[in-house]
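All remarks here apply to the structure that follows.
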Amino acid sequence: ERGLSLEIAERFKVGFSSNWASPTAILKGHKPQGTPRLIIPTGPFSYIARDSRDNIPEGEQSYKKMKEGPVHIFNVDALNKNQPIFIVEGEIDAMSIMETGKAEAIGLGSVANINLFMKALYKAKNKAKAEQRDFYPTLLVALDNDDAGNRAINRLTTQLNRANVTNYVVQIARGSKDANEALIKDRVQFTKDIENTLKDPDN
């Protein structure tokens, strides 16, 4: 339903649990009710558990997306190569971009994780320096088009400019809420939009 291929799911070890209950909640002595969840690993010891029900009861909406383990940026290893990388908020949006086969993408998980992302970027930059490699990825910032997203874009681009990293603010989900919705709506057009953005990110 999300338009993602088995290849992308396998690459990122995406799984499914028909009756998932938060291990953290259980450890704290709670007895959470099990729900069907899409499991998206974000690191060796962390993952996102997304409720996969079509109709989530009103009182459970805030638990739709739950995080387990330490906060980790999705596909952050993409920074180890000098390449164009889209920076988006959601993990599924990042996979939607990679589904086109045209570019890599990193999912912040939340706009609150910008500082964590910058820490990872400086780590990749220092690693390249230690290995006597140049560090010149091109970051294409495509956060959600809302007030929180716009504030986050300003914060992120300011920090990227300070770090002397080439970056552009881009729109890849015109007429859609996010990259995943754009992929589902029209895969061919979405792929073209990604290609055109890569060719001319400044336009």
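Side chains included, hydrogens not; waters and symmetry mates left out as well; all remaining heavy atoms used. Just so you know, these numbers come straight off a predicted model, no measurement behind them. When a residue number appears, it is its place in the shown sequence, counting from 1.
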Do other residues, nucleotides or ligands put more than 12 heavy atoms under 6.0 Å from [X] [atom1]?
X    : atom1 : value
K102 : NZ    : no
Y136 : OH    : no
N19  : CG    : yes
K81  : NZ    : no

statement: By ring-ring contact (aromatic ring centres under 6.0 Å, His included), F117 pairs with (sequence neighbours left out) none
query: What orientation do F74 and F12 show, parallel under 30°, tilted 30 to 60°, or perpendicular over 60°?
result: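 Correct class here is tilted.
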Do [X] and [Y] make a side-chain contact, defined as non-hydrogen atoms from C-beta onward lying under 4.5 Å apart?
X    : Y    : value
M118 : L156 : yes
T42  : K67  : no
K123 : V76  : no
V14  : I8   : no
I184 : F190 : no
L121 : L160 : yes

Roughly how far apart are [X] [atom1] and [Y] [atom2], rounded to 0.5 Å?
X    : Y    : atom1 : atom2 : result
N196 : T191 : CG    : OG1   : 11.0 Å
L79  : L139 : CG    : CG    : 6.5 Å
L4   : I40  : CG    : CD1   : 8.5 Å

task: Run the numbers on E91 and K65 for salt bridge (Lys or Arg N to Asp or Glu O under 4.0 Å), then give the verdict.
output: CA-CA 11 Å; E91 297 80 12; K65 182 178 172 182; 3.2 Å; yes
query: Does a side chain donor of either N115 or Q159 reach within less than 3.5 Å of an acceptor in the other side chain?
result: yes
Minimum-distance pair of heavy atoms, taken over all atoms of L143 and I87: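 Looks like CD2-O, 3.7 Å.
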- request: Assess whether side chain to side chain contact (heavy atoms under 4.5 Å, CB included) is satisfied between M95 and R11, documenting all intermediate values.
  value: CA-CA 10 Å; M95 285 190 278; R11 178 184 165 189; over 6 Å; no
- request: Please identify each residue that fulfils salt bridge (charged side-chain N to carboxylate O under 4.0 Å, His left out) with R151, with sequence neighbours left out.
  value: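 Testing R151 for salt bridge (charged side-chain N to carboxylate O under 4.0 Å, His left out), a comparison that skips the adjacent residues, returns none.
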